2 protein chains.
Amino acid sequence: MDSKQMAVRDEVEFCRILIKTNALKFGVFKLTSGKLSPYYVDLRSIPSYPEAFKKIMGFYGVLVKEEVGLDNFDRISCVPTSGLLFAAVLAFQHSKPILYVRREAKTHGRERRIEGVLTPGDRVILVDDLITTGKSLVDVTQVVRGEGGIVTDAIVLLDREEGGRGNLERIGVKLHSFMRISEVANRLFNLGVIDESKYRDIIEQCIRG
Amino acid sequence: MDSKQMAVRDEVEFCRILIKTNALKFGVFKLTSGKLSPYYVDLRSIPSYPEAFKKIMGFYGVLVKEEVGLDNFDRISCVPTSGLLFAAVLAFQHSKPILYVRREAKTHGRERRIEGVLTPGDRVILVDDLITTGKSLVDVTQVVRGEGGIVTDAIVLLDREEGGRGNLERIGVKLHSFMRISEVANRLFNLGVIDESKYRDIIEQCIRG
């Protein structure tokens with residue numbers, strides 16, 4: 001099997017995991033941004049399936065090793081809470097320090113948005129499960145940079161293609177996604193898992209360009 | 001080295017990690033409960049030190065294998081966000097499904113407090129980093145039981161001895177802690193790391209009985 005065949009196999013496997021773990025749902029959903037969506041992706045269930053969790057961590061491993069390079073960053077930063085389980089295992093597997101950025105400052109204890117160690121000059125990669133508009137990843141980038149961290153790369157499993165890639169690019173952060181939602185739609189349609197109407201629901205939600 | 005000597009070595013190692021990662025601080029701190037404390041423990045920095053993180057996961061492993069038993073539970077549940085990094089790696093290492101209970105229900109997407117899979121009748125162990133009064137662990141127990149889960153055991157690294165053990169016991173949950181804060185104070189005092197006044201600060205904060 002060459003590397004292209006392996007990539008195809010991994011993508012099919014990822015799509016099967018989305019279905020098996022009930023991560024992809026169709027209906028009318030209100031996103032965090034307030035926007036409506038004809039489908040919903042919730043990767044938070046994957047760690048409830050140990051075999052799927054193991055495979056998913058392999059996909060993250062490919063991104064972090066082949067697209068970023070283990071020597072090209074010092075720390076991993078994640079956003080609570082959905083990406084945290086994946087980022088924790090990724091950091092542990094590759095012996096990389098991990099920190100996370102809280103959504104809001106705590107009102108007790110020490111008032112900080114960063115939990116964990118960050119030294120000015122540290123090269124930090126962002127790890128999350130998925131990206132939609134990229135609002136929370138842009139926010140995390142700003143908080144990490146505000147404390148002197150260098151942020152140039154972000155890793156997610158799934159790009160929902162609703163502007164996130166461009167919003168990160170505008171602030172100098174390159175997005176590495178394991179799959180884009182349009183690729184997932186294509187594979188699922190070709191595998192006969194979803195019909196044409198569901199395929200269109202997904203594709204029409206994507207922002208092009 | 002017999003098992004008792006190994007336990008002592010692990011406890012000393014844990015105390016050294018608390019100091020090295022700056023997890024234990026002295027001063028005046030306001031806890032989540034609103035109560036004041038002369039010391040503060042924040043284990044959230046440990047995953048920023050890969051070697052310490054590895055050792056800590058070994059300590060969790062001892063608790064989960066020797067005190068609960070890997071065959072005696074089906075799922076791990078944790079509380080966002082401080083215990084999540086540890087629980088994620090523990091679940092991954094032992095191929096156990098993991099779920100978490102949100103502090104509050106989301107206002108978008110599906111309205112649930114449990115993220116992940118839980119089937120009525122599942123035996124669920126709770127994993128957190130530390131326990132103070134046990135309020136959040138009691139809350140998680142009630143949410144998991146409310147969806148049919150069976151909860152009898154909770155695992156934490158550190159028991160701050162401020163009533164948490166008793167509060168869990170009253171609802172039928174046995175607490176397994178790697179160390180109690182009074183044991184930490186004893187070891188640190190004997191190692192010459194803290195003076196008598198700091199030792200007393202810790203001990204006087206503990207609720208006895």
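Here is the naming used below: chain letters follow the sequence lines, and residue numbers restart at 1 for every chain. These numbers were taken from a predicted model, which means no experiment stands behind them.
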Taking atom CZ of B:R200 as the centre, report whether more than 12 heavy atoms of other residues, nucleotides or ligands fall under 6.0 Å from it.
-> no
Give a yes/no verdict on a cation-pi contact between A:K198 and A:Y39, requiring under 6.0 Å between NZ or CZ and the six-membered ring centre and an angle within 45° of the axis.
-> no
Could you check which of B:P80, B:C78, B:S82, B:S95 has the highest count of heavy-atom pairs closer than 4.5 Å to chain A?
-> B:S95
Mind checking which of residues 120-155 of chain A sit less than 4.5 Å from chain B, heavy atom to heavy atom?
-> none
Taking every heavy-atom pair that is under 4.5 Å apart, which of B:A88, B:A91, B:S48, B:A52 has the most such pairs with chain A?
-> B:S48
Below 4.5 Å from any heavy atom of chain A, which atoms of B:Q93 appear? Answer side chain, backbone, both or neither.
-> side chain
Does the side chain of A:Y49 reach to within under 4.5 Å of the side chain of A:I17, using non-hydrogen atoms?
-> no
Would you say A:Y100 and B:L84 make side-chain contact, with heavy atoms under 4.5 Å?
-> no
Ranked by heavy-atom pairs below 4.5 Å to chain B, first place among A:I98, A:V117, A:T21, A:I46 goes to A:I98
In terms of heavy-atom proximity below 4.5 Å to chain B, should A:K54 be classed as side chain, backbone, both, or neither?
-> both
So what's closer than 4.5 Å to chain A heavy atoms on B:F86: side chain, backbone, both or neither?
-> neither
Regarding A:S45 and B:E115, is there a side-chain donor-to-acceptor distance under 3.5 Å anywhere?
-> no
Please tell me if the side chains of B:V89 and B:L85 come closer than 4.5 Å, counting only heavy atoms from C-beta onward.
-> no
Are the side chain of B:E204 and the backbone N or O of B:D201 linked by a donor-acceptor pair below 3.5 Å?
-> no
Side chains of A:T81 and A:R44: donor-acceptor distance under 3.5 Å anywhere?
-> no
Test: A:R165 and A:D159 ion pair at under 4.0 Å = yes
